[in-house]
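Chain A is the first sequence line, chain B the second, and so forth, proteins listed ahead of strands; every chain is numbered from 1.
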Protein chains: 2
Amino acid sequence: MVTSDWEFTPVVQQSTPGLIAQQLRESLISGKITAGSQLSEAALAKAFGVSRGPLREAMQRLLQEGLLRSERNRGIFVKELTQDDIADIYDARSAIESAALRMVVSRGASADLSKLRQACANLAKAAASGERQSVSDADLSFHAALVNASGSPRLVRMQATLLAETRMCITALEATQDDVATVVDEHRLILEALESGSLETALERLQDHMQDGVMRLQRAEEV
Amino acid sequence: MVTSDWEFTPVVQQSTPGLIAQQLRESLISGKITAGSQLSEAALAKAFGVSRGPLREAMQRLLQEGLLRSERNRGIFVKELTQDDIADIYDARSAIESAALRMVVSRGASADLSKLRQACANLAKAAASGERQSVSDADLSFHAALVNASGSPRLVRMQATLLAETRMCITALEATQDDVATVVDEHRLILEALESGSLETALERLQDHMQDGVMRLQRAEEV
DNA sequence: TACCTGTAGATTGTTGACACTGCGAGATTC
DNA sequence: GAATCTCGCAGTGTCAACAATCTACAGGTA
């Protein structure tokens with residue numbers, strides 16, 4: 001019997017709570033929902049055109065990702081990020097991404113850096129366009145590509161939630177990339193160190209880049 | 001009116017899904033529920049004496065912690081861990097705990113190592129008792145204390161899920177700590193390096209300890 | 001006999017309704 | 001006038017029933 005020769009892509013029916021969580025996450029990290037405000041289950045359910053069951057499941061996910069905060073019998077609120085949170089997010093990101101660097105380098109030649117080069121090019125393009133939003137998107141895409149290259153599903157998952165929090169910080173504070181050229185350079189330097197296989201240099205540059213990020217955000221918070 | 005002078009401990013009403021998740025997690029990591037088996041919502045709901053709503057929320061949490069696996073319209077199954085998973089878990093743990101080491105050392109004298117010393121003593125005591133279960137419990141408690149000492153809530157949270165997975169591995173494979181004395185020593189050496197403030201030594205010893213752990217589990221898997 | 005098709009049972013996904021909790025506005029008392 | 005109490009409302013927590021989906025098995029056909 002011929003079962004193939006057609007090569008259809010298998011249908012992947014996304015679950016309703018998954019779709020809702022995705023849309024909610026977008027709204028949260030883009031700042032469409034202001035920090036600290038309460039999310040009414042009934043209102044959201046009506047907006048999404050579903051009942052409260054699936055909506056609650058979506059909220060559960062975002063709760064565990066740390067984007068929301070729950071008070072029993074009171075409701076669910078958008079988490080507000082303090083200075084300490086910002087520092088902690090970047091500490092955790094450093095931990096994950098440093099480990100990813102080590103893993104990529106330890107693979108040596110078998111590592112696939114093409115996605116990283118692509119991400120770096122996209123960042124340069126975004127910087128040239130001048131749009132702040134697309135610059136920070138490309139920035140975080142680079143970091144995501146870095147951890148992807150490590151091939152560790154758990155590192156990828158943990159970083160995903162950290163990147164969502166990072167996006168929340170950036171949009172909430174409307175942090176300006178005062179010097180776009182520097183940011184692009186920092187990423188390119190990391191990639192170059194990676195390509196030449198010099199782990200220590202790459203780690204150092206990543207660390208510096210992270211520290212820059214924290215300082216930029218914390219300066220924005222003070223205003 | 002006098003509101004104080006009584007000093008009662010405030011009542012912390014745990015949420016129902018939270019309590020269910022806790023019990024389920026215990027059953028999963030202790031191996032009471034065999035890997036790969038399906039978890040029937042109706043059956044579990046009856047067992048816990050609640051309806052399927054709260055139970056589904058509890059499952060959601062464990063799903064996101066990576067202890068369960070969901071197939072849409074099919075059901076939820078206990079995740080079975082492959083060799084690759086074991087390696088990945090330990091890679092991720094190394095990433096988190098190495099970062100924690102760095103943070104503890106960078107604090108210098110202000111770091112609170114008393115909990116770590118306590119955990120180390122407990123481990124030695126457990127080793128003397130000879131019970132395998134309490135040895136691995138004390139082992140993981142030490143690592144938890146290490147990350148706690150870092151003071152980073154996000155590292156703590158990420159490690160918590162990794163430790164749950166580690167426990168699942170250990171009980172599923174009934175991994176034997178063939179040489180208990182060595183395990184105790186490895187932990188003590190890490191603590192000593194930490195106390196003397198020599199970061200590089202501590203990192204090296206942690207790395208070795210982790211590698212030992214992976215090898216022990218992967219050898220058990222082959223059987 | 002081998003294969004396909006249709007149906008039955010079981011399980012998950014979703015819904016609307018009910019119960020309980022916490023907050024705030026208004027009434028009441030000193 | 002200020003503090004306290006009570007009631008109502010808005011919201012979450014929980015439940016039982018309904019709808020949709022999948023698997024397995026029985027029946028029919030070439």
Engineer: Under a plain distance cut-off of 3.5 Å, with no hydrogens placed, do B:E57 and A:Q60 share a side-chain donor-acceptor pair?
Structural biologist: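 Present: a donor and an acceptor within the cut-off.
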Engineer: Is any side-chain N of the basic residue among A:E165 and B:R154 closer than 4.0 Å to the acidic one's carboxylate O?
Structural biologist: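 Judged by the 4.0 Å cut-off on N to carboxylate O distance, A:E165 and B:R154 do form a salt bridge.
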Engineer: Between A:R74 and A:G49, which is nearer to the 5' end of DNA chain C once each is assigned its nearest nucleotide?
Structural biologist: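 By nearest-heavy-atom nucleotide position, the 5'-most residue is A:G49.
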Engineer: What is the separation between atom CZ on B:F48 and atom P on D:dC15, rounded to the nearest whole Å?
Structural biologist: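 The answer, rounded to whole Å, is 13 Å.
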Engineer: Of all of residues 33-43 of chain B, which get a heavy atom below 4.0 angstrom from DNA chain D, listed by number?
Structural biologist: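 Here the set is empty: none.
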Engineer: Check every atom of C:dT15, D:dC15, D:dA17 against the side chain of B:R52 and return the nucleotide holding the closest atom.
Structural biologist: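 Taking heavy atoms from C-beta onward, the closest nucleotide is D:dA17.
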Engineer: Could you tell me which non-hydrogen atom of B:M158 sits nearest to which non-hydrogen atom of A:A92, and how far apart they are?
Structural biologist: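 For B:M158 and A:A92, the tightest heavy-atom pair comes out as CE-CB, 3.9 Å.
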Engineer: Between B:R107 and B:D112, is the closest basic N to carboxylate O distance under 4.0 Å?
Structural biologist: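 Looking at B:D112 and B:R107, the cut-off is not met.
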Engineer: State plainly whether the residues A:K32 and A:E26 are in salt-bridge range, i.e. N to O under 4.0 Å.
Structural biologist: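 Looking at A:E26 together with A:K32, the answer is no, because their closest N to O distance does not fall below 4.0 Å.
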Engineer: For the residue pair A:S152 / B:D91, report whether a side-chain donor-acceptor contact shorter than 3.5 Å exists.
Structural biologist: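 Result is no, nothing qualifies.
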Engineer: Taking atom types as modelled and ignoring hydrogens, do the side chains of B:H143 and B:E97 form a donor-acceptor contact shorter than 3.5 angstrom?
Structural biologist: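 Short answer, yes.
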Engineer: What is the distance from atom OG of A:S141 to atom NZ of A:K115, rounded to the nearest 0.5 Å?
Structural biologist: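 Between atom OG of A:S141 and atom NZ of A:K115 there are 12.5 Å.
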Engineer: Under a plain distance cut-off of 3.5 Å, with no hydrogens placed, do A:D137 and A:S134 share a side-chain donor-acceptor pair?
Structural biologist: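 Short answer, no.
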Engineer: Say you draw a straight line from CG of A:L81 to CG of A:L173; how long is it, rounded to the nearest 0.5 Å?
Structural biologist: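 If I round to the nearest 0.5 Å, the distance is 8.0 Å.
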Engineer: Looking for any heavy atom pair under 4.0 Å, which part of the strands does B:S15 touch: base, sugar-phosphate only, or nothing?
Structural biologist: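 The residue B:S15 makes no contact with any strand.
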Engineer: Using a cut-off of strictly less than 4.0 Å between a heavy atom of the residue and any atom of DNA chain C, enumerate the qualifying residues of residues 18-25 of chain A by number.
Structural biologist: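 Here the set is empty: none.
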Engineer: Of the residues in residues 53-73 of chain B, which ones touch DNA chain C at a heavy-atom distance under 4.0 Å?
Structural biologist: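 Within residues 53-73 of chain B, the residues near DNA chain C are B:R56, B:N73.
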